[in-house]
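Only one structure is covered here, and it is reproduced in the block below.
Values in this document were obtained by computation on a predicted structure and should not be read as measured data.
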Amino acid sequence: MSKSDEHDRYRVKSLVGFDEMAEGVLARSTMHADYVDHFFVDVDTAAAPERYARVMFGDVPSVAERFIWQGLLQLRLIAGPTPTSVAGWRIAETTPRWIRLENRSHSLTVHLVIHAADGRLELTTFVRYDRSLGRWAWVPLSAVHRRLAPSVLTDAIARLDGRVTSQA
């Protein structure tokens with residue numbers, strides 16, 4: 001399959017803002033968020049939500065993830081691989097259909113929800129500004145996040161389908 005065919009096959013769609021979200025998507029977070037976005041793509045490969053989360057982010061964060069999450073957003077990452085965390089994020093809740101990862105800094109709280117069911121893979125980000133610095137940090141980084149999120153999904157699909165053998 002050519003790169004173009006694969007791009008068309010795994011076309012990631014997105015929604016940004018509360019008015020765009022279905023109640024079922026919003027119900028996956030337990031906090032009152034100030035920001036939400038939702039990315040989704042149809043998939044052929046079935047895997048548990050935690051498996052997708054670990055393929056997306058690894059057991060420990062990459063250097064780039066650490067720079068963004070810990071350096072720029074000041075999130076408190078859990079050190080080393082653990083069965084109760086993914087890439088330094090605490091696993092807060094897991095169901096057969098989705099997993100919620102949580103993290104926080106002194107100025108914001110973030111939930112990442114990976115939903116994998118019924119031939120669809122979804123990534124939803126919820127952000128709450130706990131202090132004005134959180135908004136100041138997240139607003140410009142949210143544009144970068146929205147640009148990177150589709151490739152997080154498609155790269156995970158490629159890894160699970162066996163087209164990519166290692167994480168970058």
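Here the straight-line distance linking atom CG of Asp34 with atom CZ of Arg128 works out to 8.0 Å at 0.5 Å rounding. Expressed to the nearest 0.5 Å, how far NZ of Lys13 lies from CZ of Phe39 amounts to 13.0 Å. Leu123 contributes atom CG, which lies 7.0 Å from atom CG of Asp37 (distance to the nearest 0.5 angstrom). Once rounded to the nearest 0.5 Å, the distance linking OG1 of Thr84 with CD1 of Ile91 reads 6.5 Å. How far CZ of Arg104 is from CG of Leu73: 14.0 Å, rounded to the nearest 0.5 Å. To the nearest 0.5 angstrom, Trp98 atom CH2 is 9.0 Å from His115 atom NE2.
Within the 3.5 Å criterion, the main-chain N or O of Leu26 finds no donor-acceptor partner in the side chain of Ser29. Between the Asp42 side chain and the Arg120 main chain, no donor and acceptor come within less than 3.5 Å of each other. Remark: the backbone N or O of Gly71 is not paired with any side-chain donor or acceptor of Arg66 at under 3.5 angstrom.
Heavy atoms only, all atoms of each residue included: Ala116 and Tyr52 are closest at CB-CD1, 3.5 Å. Among all heavy-atom pairs drawn from Pro61 and Gly88, the shortest one is CD-N, 4.1 Å. Nearest approach of Asp59 to Pro81, heavy atoms of both residues: CB-CB, 3.8 Å. Listed here is the closest heavy atom pair of Met21 and Val25: SD-CG1, 4.1 Å. Here the closest non-hydrogen pair linking Ala156 and Met56 is CB-CG, 3.7 Å. Pairing each heavy atom of Trp89 with each of Ile78, the nearest pair is C-CD1, 4.3 Å.
One hydrophobic cluster holds both Leu108 and Leu101 under the rule that ILVMFWY side chains link at heavy-atom gaps under 4.5 Å. Val139 is not connected to Leu133 by any chain of hydrophobic side-chain contacts under 4.5 Å among Ile, Leu, Val, Met, Phe, Trp and Tyr, and they are in different clusters. When hydrophobic clusters are built by joining Ile, Leu, Val, Met, Phe, Trp and Tyr residues whose side-chain heavy atoms come closer than 4.5 Å, directly or via intermediates, Val36 is not grouped with Leu153. A continuous path of Ile, Leu, Val, Met, Phe, Trp and Tyr side chains, each step under 4.5 Å between heavy atoms, connects Trp69 with Tyr129, placing both in one hydrophobic cluster. In terms of hydrophobic clustering, with Ile, Leu, Val, Met, Phe, Trp and Tyr side chains grouped at heavy-atom distances under 4.5 Å, Val55 and Val113 are assigned to different clusters.
A 4.5 Å side-chain heavy-atom check between Val127 and Thr109 finds every atom pair outside the cut-off. Between Ile99 and Glu50 the shortest side-chain heavy-atom distance falls below 4.5 Å. For the pair Val12 and Thr154, the minimum side-chain heavy-atom distance is below 4.5 Å. Side-chain atoms of Ile68 and Glu65, non-hydrogen and from C-beta on, never get closer than 4.5 Å to each other. At least one side-chain heavy atom of Leu72 sits under 4.5 Å from a side-chain heavy atom of Phe67. Between His106 and Arg76 there is a side-chain heavy-atom pair separated by less than 4.5 Å. The shortest side-chain heavy-atom distance between Asp130 and Ser107 does not fall under the 4.5 Å cut-off.
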For side chain to side chain contact (heavy atoms under 4.5 Å, CB included), just list the numbers for Ile114 and Leu121, CA-CA rounded to whole Å, side-chain angles, deciding distance to a tenth of an Å, and then say yes or no. CA-CA 7 Å; Ile114 294 91; Leu121 176 61; 4.0 Å; yes

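Taking the six-membered ring for Trp and the full ring otherwise, Trp138 and Tyr35 have centroids separated by under 6.0 Å.
Not a single side chain to side chain donor-acceptor pair (under 3.5 Å) links Gln74 to another residue, sequence neighbours left out. Every residue meeting the side chain to side chain donor-acceptor pair (under 3.5 Å) condition with Arg97, not counting sequence neighbours, appears here in chain and number order: Asp118. Partners of Glu102 under the side chain to side chain donor-acceptor pair (under 3.5 Å) rule, at least two apart in sequence or in another chain, are Arg90, Arg100, His111.
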